[in-house]
Amino acid sequence: MDSSSEGSFGREVAEPMLNEPQTEAVLHAQGPLLVLAGAGSGKTRVITYRVANLLAEHGVPPYRLLAVTFTNKAAAEMRQRLDRLVGPEVVRDLWVGTFHATCARLLRRYHAAVGLSRDFVIYDDSDQKAVVTRILRASGIDEKQYPPKAFLHAIHQAKQDVLLPEDLPSRTPFEKLTRQVYEAFQEKLRAANAVDFDDLILHVMRIGESRTREEGEELRRKFRHVLVDEFQDVNAAQYRLVRALVEGHHNLCVVGDDDQSIYRWRGADVRIIRGFRKDFAEAQVVKLEENYRSTGNIVRSALGVIRRSGEREPKELFTQNPNGAPVLVVATRDERDEAACVVEQIREALRRGVEPKDIAVFYRIHAQSRVLEEAMRAEGLPYQIVGGTRFFDRAEVKDVLAYLRVLANPSSDVDLLRIINVPARGIGAATVDRIAEAASRAGISVHDAVLDRLDACGLAGAASKRVAGFAAMLRSLRAVQDAGPRELAERVLEATGYAKALKDENTAEADARLENVSELLSSLEDYEDEAVAAGGTPTLQDYLERVSLESDADKLGKEGARVPMMTVHAAKGLEFTLVLLTGLEEDLFPYRSPSRERDDLEEERRLAYVAVTRAREQLVITHASTRMIFGTTRYCQPSRFLGDMPEDAVEHAVSRTLSGSMEGRVRPAMFVRETTRQVARETTREAGERYVEMDPDETWLSAGRSVEHTRFGVGKVVRLESAATPPVVIVHFAGWGEKRIVASFLKPA
DNA sequence: CAGTCATGAGTTTTT
DNA sequence: CTCATGACTG
C-alpha cells in the first residue's frame with residue numbers, strides 16, 4: 001500500500017492506486033476538490049501524493065502549501081511519508097500541522113493584530129475552569145446552581161460557532177449569566193496574555209477575514225494551496241478560517257468521510273462537508289469507495305451498520321480483499337467474563353505471532369477499562385491505556401509547568417495562583433484571596449501585585465513575610481538568564497523545594513509523582529535535542545506550546561510491545577490486525593446517558609462504524625448479559641448494531657462461563673413474567689418451573705412482530721414454527737441470530 | 001492553614 | 001465503584 005518509490009524533489013512522483021479520472025483530479029486538480037474517502041480507502045496516501053505532486057509537478061513552493069490535520073500524529077505521519085517522496089529538505093519548509101498548532105504558529109507572527117504579546121500562553125481545560133471558577137466567585141454566582149462546567153461548555157460552543165457574548169440569547173437567567181461570564185472570561189484571558197484552544201482558531205480567522213488590517217491581506221495571500229484532512233470534523237470557525245485562506249484562488253482540497261463524523265459534541269459540524277459542493281459550486285468531487293484495509297466480512301459488517309444511517313453522502317464501500325474470518329460475536333455473562341474472553345483472544349493471537357501493537361481493545365467509555373486492565377494484569381499481558389489523563393495533565397507535571405509558564409509569561413494569573421502555595425509555604429486561601437482582590441482592584445496581574453505592590457495588599461505581618469519570600473524566589477528565578485528550558489526547570493525544582501517536598505513525603509504515591517517530574521525533565525531534554533537537531537534554538541515558549549498541543553495518542557506506537565487499550569473515539573484514524581470491541585450492549589453502545597435523553601443515535605452509529613473499520617483481519621465483538629457499572633448492576637441487551645451486521649459475515653459464540661450457567665440447572669430468569677398485554681393463564685407444570693399458556697388466537701407471534709426474551713433481548717419474529725401449546729417460533733435477535741424459541745419464554749415488546 | 005471525612009455526580013475529549 | 005469537591009476539625 002505504501003509506495004516506497006524514492007522520488008526526490010523535482011522527480012516525477014509515483015501515482016497512487018486509483019482509476020484514471022480519480023488520479024487526474026486528486027493529483028492535479030486546481031480549485032476546490034472534495035475527496036470523500038471511505039474508511040480504509042487510503043486517504044492519507046491520497047493527500048500525501050497530492051502534496052508531493054503539487055510540489056514536484058506544479059512547482060508550488062513548499063512554504064506556500066498548507067496541509068492541516070486534526071492530530072499531531074496524523075501530521076507526523078504525513079511528514080514522514082513526504083520525507084520519502086520529496087525529501088526532508090523540502091518537507092521542512094512545508095506547513096504541515098494540526099489546526100491548532102498551525103494557528104499557534106501564525107499567531108506568534110501576527111500576535112500584535114489581536115492584542116497579544118508574543119509570549120502568550122495556551123490555557124487548557126483545567127486552566128479555563130480555574131478562570132471561570134474565579135469569575136463565579138468574584139461575581140457571587142452560586143457554583144452549585146450554576147456549575148463552572150456549564151458556562152465553559154456554553155462558551156466553548158459559542159466560540160466554535162464564532163459567536164460573541166452579545167450574539168448569545170439572554171432570555172433565561174442562565175443565558176444572561178452566560179453572556180456575562182463569557183465576557184469576563186475573555187477579559188481575564190486577555191489580561192493574562194492567554195488564549196484557549198478555540199481562540200487560537202478564532203484569532204487567526206479574524207485576522208484572515210480582516211479587510212482593514214494589512215495582516216489580513218498578507219494572510220490571505222500566504223498559501224497557494226490548502227489541504228484539510230478529516231474534513232468532516234471541522235467546525236464553523238475552522239471552516240471560515242480555511243475559506244479566508246483560499247479566498248483568492250479556491251485551491252482547497254478537503255478530504256473526509258461524513259460516516260466517520262463522531263465529534264459533533266465538540267462542535268464538529270458534519271453539514272460542512274455535506275454542504276461543500278454548495279459553497280464551492282465549481283468543486284470537483286472524488287469518491288474513494290474501495291477499502292484496502294479490511295477483510296470482506298469486516299467491510300460488509302461495517303457497511304451493515306452504517307447503511308441504516310439516515311442522511312449520508314451516498315457511497316458503497318467495497319473491498320477486493322478475501323472474506324477472511326467471520327466477525328466473531330461473543331455473548332458473555334458479565335464484564336469479568338467479558339474481560340476473560342478478551343484476554344483469551346489476545347493470548348491466542350499472540351500465540352499465532354500477532355504483535356501486541358497490532359492488537360487493540362476498544363471500549364465506549366473509560367469506566368469499562370478498569371476490569372479489562374485487571375484481567376490483563378492478572379494474566380501478565382502488557383498493555384497501554386491510550387488517552388485518559390494526559391501526562392501533562394498530572395498535577396505534579398502541571399505544577400512544574402505552571403512555574404515555567406509564569407517565568408515565560410508573568411501575566412498568567414491562573415498559573416501564578418496555582419503555584420503560590422505549592423509546595424505548601426504557609427500562604428493560605430485567605431491571603432491568596434486578598435492578593436488577588438488587590439491585584440484586580442489595581443488592574444494588574446497577581447504576579448505584579450506580589451512582586452511590586454505587596455504592601456498594598458493589606459496582609460498581616462506573618463503572611464506578608466511569607467509572600468515576600470515567595471516573591472524573592474520568583475525574582476531570582478526570573479533573573480536566570482543563560483539557562484536552557486531543562487536547566488531552568490531543574491532550578492525551579494531546586495529553588496522551590498518542590499523536589500525535596502516530594503522526597504520527604506516518602507510514600508509510594510510521592511515516588512510516582514517524583515518519577516513523573518523526572519519524566520518531564522527528560523521530555524525537556526528530548527525537546528532540546530530535537531530543536532538543536534532541527535537547526536533551531538530551544539526556547540521555553542516553544543516547548544510550552546508543544547506540550548499544550550500534544551495529546552497522549554500522539555505517543556502511541558512508541559511502545560511497541562504493549563497491547564493498546566482505548567475508547568473508540570481515540571481509535572479513529574488507527575488500524576489493527578485484531579480488534580476486540582467490547583460492551584456492544586444497548587445503553588452502553590449506543591450510549592444513553594441516564595440523565596440526558598438527547599438522541600445521538602446517528603453519531604453512535606457512526607462511532608460503531610469507525611470501531612468496526614479499524615480492524616484489518618479479525619474483529620471480535622463482546623457483549624455481556626449483566627454489567628456492573630457506576631456501582632450498580634445492569635441487565636444488558638445486545639446492541640442493535642449487532643443486528644445490523646449481515647448474518648453471513650458474523651459467527652456467534654457464547655462464553656464458556658455463560659453457556660455453563662445456562663445449562664443443566666433451573667433457569668428462572670428465562671421464564672416469562674406475566675404481562676398485561678398477554679391473555680394468558682399461568683399453570684404449574686413441574687415443581688419450580690412455571691409456564692405460561694398462550695391463547696391460540698394471539699397474533700403477537702406473527703412474523704415481523706417484536707418480542708422480548710429475558711436473555712436475548714428484543715427480536716423480530718421470523719415465522720411461527722409450531723402452533724402447539726405453547727407455540728414455537730423462530731425469532732431473530734440482534735447479536736444472537738435466529739433462535740428457535742418456545743413462546744412461553746417470550747413476551748410482546 | 002492543612003489534613004480528614006462526607007457528599008454527589010458520573011459519555012466521548014483530535015487540540 | 002471512583003474521583004473530585006466542599007465542609008469540618010485539629
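Throughout, protein chains are lettered first and strands after them, A, B, ... in sequence-line order, and every chain is numbered starting at 1.
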Any Thr567(A) side-chain nitrogen or oxygen under 4.0 Å from OP1 or OP2 of dT11(B):
no
If I take atom CE in residue Met628(A) and atom C1' in nucleotide dG10(B), what distance separates them, rounded to the nearest angstrom?
15 Å
I want to check one thing: is the phosphate of dT13(B), taken as OP1 and OP2, less than 4.0 Å away from some side-chain N or O of His366(A)?
yes
Would you mind classifying the nucleic acid contact of Thr431(A) as base, sugar-phosphate or nothing, using non-hydrogen atoms under 4.0 angstrom?
sugar-phosphate
For Arg370(A), which contact category applies under a 4.0 Å heavy-atom criterion: base, sugar-phosphate, or nothing?
sugar-phosphate
Can you tell me how far CE of Met78(A) sits from CG of Leu227(A), rounded to the nearest 0.5 angstrom?
7.5 Å
Rounded at 0.5 Å granularity, tell me how far CZ in Arg364(A) sits from CG in Leu581(A).
11.5 Å
Rounded to whole Å, how long is the line connecting atom NZ of Lys149(A) with atom P of dG10(B)?
6 Å
Trp265(A)-dT12(B) aromatic stacking (under 5.5 Å, under 30°)
yes
How is Tyr263(A) classified with respect to the nucleic acid when contacts are heavy atoms under 4.0 Å: base, sugar-phosphate, or nothing?
base
With hydrogens left out and only the distance checked, is there a donor-acceptor pair under 3.5 Å joining Arg266(A)'s side chain and the base of dT14(B)?
no
Nearest-Å distance, CZ (Phe99(A)) to P (dT14(B))?
17 Å
Whole angstrom value for the distance that separates C1' of dT12(B) from CD1 of Ile365(A)
9 Å
P spacing across the pair dA4(C) / dT13(B), given as an integer number of angstrom
16 Å
Test of understanding: with side chain to side chain contact (heavy atoms under 4.5 Å, CB included), list the residues that count as partners of Asp511(A), not counting sequence neighbours.
none
Check the angle between the aromatic planes of His569(A) and Trp265(A) and answer parallel, tilted or perpendicular using the 30° and 60° thresholds.
perpendicular
What class does the angle between the rings of Tyr239(A) and Phe231(A) fall in, given that below 30° is parallel, 30 to 60° is tilted and above 60° is perpendicular?
perpendicular
Closest-nucleotide mapping onto DNA chain B: is Thr98(A) or Gly426(A) further toward the 5' terminus? I mean the 5' end.
Gly426(A)
Give Gly428(A) one of three labels, base, sugar-phosphate or nothing, depending on what nucleic acid heavy atoms sit under 4.0 Å from its own.
sugar-phosphate
Check this one for me: any side-chain N or O of Arg592(A) less than 4.0 Å away from OP1 or OP2 of dT11(B)?
no
Set out, line by line, the N/O atom pairs under 3.5 Å between protein and nucleotides 3-7 of chain C.
{"unit_1": "dT5(C)", "atom_1": "OP1", "unit_2": "Lys129(A)", "atom_2": "NZ", "d": "3.0"}

Could you work out which one of dT11(B), dA2(B), dT14(B) sits closest to the side chain of Phe70(A)?
dT14(B)
Remember a base hit wins even if backbone is also touched, and classify Ala104(A) as base, sugar-phosphate or nothing at under 4.0 Å, heavy atoms.
nothing
Taking only residues two or more places apart in sequence or in another chain, which ones pass side chain to side chain contact (heavy atoms under 4.5 Å, CB included) with Ala510(A)?
Leu502(A), Glu505(A), Thr507(A)
Separation of the C1' atoms in dT5(C) and dT12(B), to the nearest angstrom:
23 Å
Would you mind reading off the distance between Tyr363(A) atom OH and dT13(B) atom P, rounded to a whole angstrom?
8 Å
List the residues meeting side-chain hydrogen bond (donor to acceptor under 3.5 Å, both in side chains) with Asp229(A), not counting sequence neighbours, and say none if there are none.
Lys43(A)
Between C1' of dT12(B) and CZ of Arg605(A), the distance in whole Å:
18 Å
Nearest-nucleotide 5' precedence on DNA chain B, Lys572(A) against Arg466(A)
Arg466(A)
Rounded to whole Å, CD of Glu373(A) lies from P of dT2(C) at a distance of 12 Å
With the side chain defined as heavy atoms from C-beta on, Phe630(A) is closest, among dT11(B), dT13(B), dA2(B), to dT11(B)
Could you work out, with side-chain hydrogen bond (donor to acceptor under 3.5 Å, both in side chains) as the rule, every residue matching Tyr543(A), not counting sequence neighbours?
Ser523(A)
Applying side-chain hydrogen bond (donor to acceptor under 3.5 Å, both in side chains), name anything that partners Lys159(A), two or more places apart in sequence or on another chain.
Gln186(A), Asp196(A), Asp199(A)
Regarding Asp198(A), tell me which of base, sugar-phosphate or nothing describes its non-hydrogen contacts under 4.0 Å with the strands shown.
nothing
Rounded to whole Å, how long is the line connecting atom CZ of Arg425(A) with atom P of dA2(B)?
11 Å
